[in-house]
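Here the structure is laid out as structure tokens; the discussion comes afterwards.
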Amino acid sequence: GKSSAIERAFPSHRTVSLDLASTAEMAETRPEAFLETYPPPVIIDEVQYAPALFRHLKARVDAERTAPGRFILTGSQGYELMARLSDSLAGRAAILPLLGLSASEWSASAVRGSHTDWDFVWRGSFPELWAEPASPPNRDRWYQGYVATYLERDVRSVLRVSSLRDFERFIRACAARTGQLLNMADLGRDVGVSATTAREWLSVLQASNLVTLLEPYHRSLGKRLVKSPKLYFTDTGLAAFLLGFQSAATLSTSREAGAFFETHVVGQWLRWRDWFCPSVSLWFWQDRSGAEVDLLLEIDAQLVAIECKLSEHPGPGDLRGIERLTAMYGADRIRAAYVACGTKAPYLIGKFVEARPGWDVWDVTRSSTSPSPRTP
């Protein structure tokens with residue numbers, strides 16, 4: 001949905017796509033002629049297909065540094081695109097990751113209708129899957145084509161892997177680990193590749209924005225409590241497809257439901273961070289005893305703690321991780337604490353932890369205010 005979103009956001013810009021081979025060839029071999037043919041303001045889609053163009057864009061940008069926004073560049077192969085941007089346009093480009101629909105975007109649209117939150121988790125956040133409510137595409141066929149296209153176009157061009165089947169098995173193994181601590185050696189062993197290869201392949205999934213890694217929170221690098229990151233798919237629908245779930249009902253009652261709910265929650269805050277507060281850092285926390293807080297947002301040197309519980313009515317027994325975190329870092333370090341769960345309305349758990357509906361984000365940019373205490 002990035003092309004449609006960008007065209008709506010910049011209606012006065014002309015759009016040219018390098019998906020067309022002849023246009024990409026012109027941009028790559030005759031970049032000056034290309035920029036004369038398509039002068040700014042212009043949207044250049046799939047710009048990674050013309051790497052030679054970046055150096056000429058740099059010259060155009062430097063010639064008029066006081067006129068920003070003349071060139072809007074989009075690309076779906078983040079691995080190559082980010083490498084070119086870093087080499088040629090460092091300090092000259094604002095970078096905005098575009099993940100799939102957020103829960104708030106989906107809920108506010110007409111496509112939600114009678115669909116449940118678990119329908120959104122199962123079908124996923126790709127806009128095309130929700131674009132035609134009356135005749136939606138077959139979800140399984142769509143993801144089958146998406147995975148095949150991704151493997152053939154992005155992975156083959158970047159990694160030159162000898163067996164795309166092995167890489168597809170690797171993606172499925174990652175889907176089985178969404179919401180879990182990542183052990184690279186175990187992941188590689190399950191797929192039959194070395195930990196080094198698994199790490200290289202995982203970097204491509206990250207650069208493609210298919211997965212994200214949450215690092216463990218630590219006050220100093222020398223005092224890290226848990227060294228392994230946690231792995232999350234950025235689109236729950238893709239992970240559900242890779243694991244073979246045929247319906248939202250099956251997913252919601254499976255043993256993986258808790259991990260998928262946590263993946264959904266983390267994905268919503270990742271979208272919030274990318275859009276509204278790019279300076280906010282996202283972490284998780286766990287001590288050696290196993291006490292854990294699923295998500296930490298670091299805002300102005302304070303921590304917002306968010307624990308994920310699939311239950312509709314979490315209670316004081318679900319606050320062990322938040323209590324241990326508070327004891328370790330002090331109450332003045334904790335800006336606010338929440339349990340993201342299945343409740344329909346916020347309520348207090350204990351003295352300072354608030355239960356919140358976890359399907360969407362809420363305002364955490366100011367210090368927590370205490371709602372009227374009530375039981376669920």
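What you are looking at is a predicted structure, and each value in this text was computed from that prediction instead of being measured. All residue numbers refer to positions in the sequence shown, counting from 1. In what follows, every heavy atom counts, from backbone to side chain, and hydrogens, waters and symmetry copies are set aside.
With hydrogens and angles ignored, the 3.5 Å screen pairs no side-chain donor or acceptor of Thr343 with any backbone N or O of Pro346. Side chain of Glu28 to backbone of Ala52: a donor-acceptor contact under 3.5 angstrom is found. With hydrogens and angles ignored, the 3.5 Å screen pairs a side-chain donor or acceptor of Asp235 with a backbone N or O of Ser125. At distances below 3.5 Å, not a single donor-acceptor pair connects side-chain atoms of Ser208 with backbone N or O atoms of Leu210. No side-chain donor-acceptor contact under 3.5 Å links Glu215 to the backbone of Trp283. Within the 3.5 Å criterion, the main-chain N or O of Leu96 finds no donor-acceptor partner in the side chain of Trp275. Between the side chain of Glu307 and the backbone N or O of Gly321 there is no donor-acceptor pair closer than 3.5 Å. Counting only distance, with no hydrogens or angles, the side chain of Thr178 and the backbone of Ala175 share no donor-acceptor pair below 3.5 Å. Judged by distance alone, the side chain of His115 and the main-chain N or O of Phe120 form no donor-acceptor pair under 3.5 Å. His13 places a side-chain N or O within donor-acceptor distance of the main-chain N or O of Gly69, the cut-off being under 3.5 Å.
Side-chain contact between Val304 and Trp269 is absent, with no heavy atoms from C-beta onward closer than 4.5 Å. Within the 4.5 Å cutoff, no side-chain heavy atoms of Pro136 are placed close to those of Leu129. For the pair Val42 and Thr15, the minimum side-chain heavy-atom distance is 4.5 Å or more. Contact of the Trp285 side chain with the Pro216 side chain is not registered, since no non-hydrogen atoms from C-beta on lie closer than 4.5 Å. For the pair Arg324/Val293, no side-chain contact is recorded, criterion being any heavy-atom separation below 4.5 Å from C-beta on. For the pair Phe233/Ile171, a side-chain contact is recorded, criterion being any heavy-atom separation below 4.5 Å from C-beta on. Leu35 has its side chain within reach of Phe71: a pair of non-hydrogen atoms, C-beta onward, lies under 4.5 Å apart. No side-chain heavy atom of Ile349 sits under 4.5 Å from any side-chain heavy atom of Asp318.
One finds the CD1 atom of Ile43 at 5.5 Å from the CD atom of Glu7 (value rounded to the nearest 0.5 Å). Taking CZ of Arg30 as the reference point, atom NE2 of His56 lies at 12.5 Å (rounded to 0.5 Å). To the nearest 0.5 angstrom, Ile306 atom CD1 is 8.5 Å from Leu296 atom CG. The structure places CZ of Arg333 at 8.0 Å from CD of Gln302, a figure rounded to the nearest 0.5 Å. Taken to the nearest 0.5 Å, the CZ atom of Arg273 stands 7.5 Å off from the OG atom of Ser281. Between atom CG of residue Leu101 and atom OG of residue Ser109 there is a gap of 7.0 Å, rounded to the nearest 0.5 Å.
The pair Arg172-Glu168 counts as a salt bridge, with a side-chain nitrogen and a carboxylate oxygen less than 4.0 angstrom apart. Residues Asp274 and Arg271 are not paired through a salt bridge, judged by the lack of any N-O separation under 4.0 Å between the basic side chain and the carboxylate. By the 4.0 Å N-to-carboxylate-O rule, Asp117 lies close enough to Arg112 to be salt-bridged with it. Between Arg60 and Glu36 a salt bridge is recorded (basic side-chain N to carboxylate O distance below 4.0 Å). Between Arg335 and Glu298 there is no salt bridge, since no side-chain N of the basic residue sits under 4.0 Å from a carboxylate O of the acidic one.
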Take Trp142 and Phe126, measure what ring pair (Phe, Tyr, Trp, His ring centres under 6.0 Å) needs, and give me the verdict at the end.
CA-CA 10 Å; Trp142 192 92; Phe126 285 97; 5.0 Å; yes
List the steps and the verdict of side-chain contact (heavy atoms from CB on, under 4.5 Å) for Ile334 and Ile322.
CA-CA 9 Å; Ile334 310 303; Ile322 292 175; 5.9 Å; no
Test Asn209 against Leu98 for side-chain contact (heavy atoms from CB on, under 4.5 Å), laying out the working first.
CA-CA 9 Å; Asn209 282 330; Leu98 287 177; over 6 Å; no
Let me see the working for Phe170 and Thr197 under side-chain contact (heavy atoms from CB on, under 4.5 Å), right down to the final yes or no.
CA-CA 10 Å; Phe170 175 77; Thr197 297; over 6 Å; no
Would you check, one step at a time, whether the test side-chain hydrogen bond (donor to acceptor under 3.5 Å, both in side chains) holds for Ser102 with Ser104?
CA-CA 5 Å; Ser102 68; Ser104 59; 3.0 Å; yes
Please step through side-chain contact (heavy atoms from CB on, under 4.5 Å) for the pair Tyr143 and Arg139, ending with a clear verdict.
CA-CA 6 Å; Tyr143 276 116; Arg139 174 258 194 190; 4.0 Å; yes
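Taking each heavy atom of Leu53 and Pro31 in turn, the nearest pair found is CD1-CB, 4.0 Å. What you find for Pro357 and Ala345 is that their closest heavy atoms are CG-N, 4.2 Å. When all heavy atoms of Tyr49 and Leu18 are compared, the pair lying nearest together is CD1-O, 3.6 Å. For the residue pair Ala103 and Trp359, the shortest heavy atom distance occurs at CB-O, 3.1 Å. For Ala257 against Ser252, the heavy-atom pair with the smallest separation is CB-O, 3.5 Å. What you find for Phe261 and Gly358 is that their closest heavy atoms are CZ-CA, 4.1 Å.
Classification of the Tyr38-Phe34 ring pair by plane angle, with boundaries at 30° and 60°, yields tilted.
For Tyr338 and Trp362, the ring centers are positioned less than 6.0 Å apart. Under the 6.0 Å cut-off for aromatic ring centres, Phe241 and Tyr146 do not qualify, their centroids lying 6.0 Å or more apart. In summary, the aromatic rings of Phe245 and Trp122 are positioned with their centroids too far apart to meet the 6.0 Å limit. For Tyr329 and Tyr217, the gap between ring centers is short of 6.0 Å.
For the side chain to side chain contact (heavy atoms under 4.5 Å, CB included) test with Leu231, the passing option among Asn183, Thr263, Leu202, Leu205 is Leu202; the others fail. The side chain to side chain contact (heavy atoms under 4.5 Å, CB included) test with Leu270 singles out one residue from Leu295, Leu214, Thr212, and that residue is Thr212. Under the side chain to side chain contact (heavy atoms under 4.5 Å, CB included) rule, Val47 has a single partner from Ile72, Val16, Thr74, Leu73, which is Leu73.
A donor-acceptor contact under 3.5 angstrom links the side chains of Arg320 and Ser289, judged on distance only.
Within a 6.0 Å radius of CZ in Arg141, other residues, nucleotides and ligands contribute 12 heavy atoms or fewer.
Under the 4.5 Å side-chain heavy-atom criterion for Ile, Leu, Val, Met, Phe, Trp and Tyr, Leu20 and Ile6 are members of distinct hydrophobic clusters.
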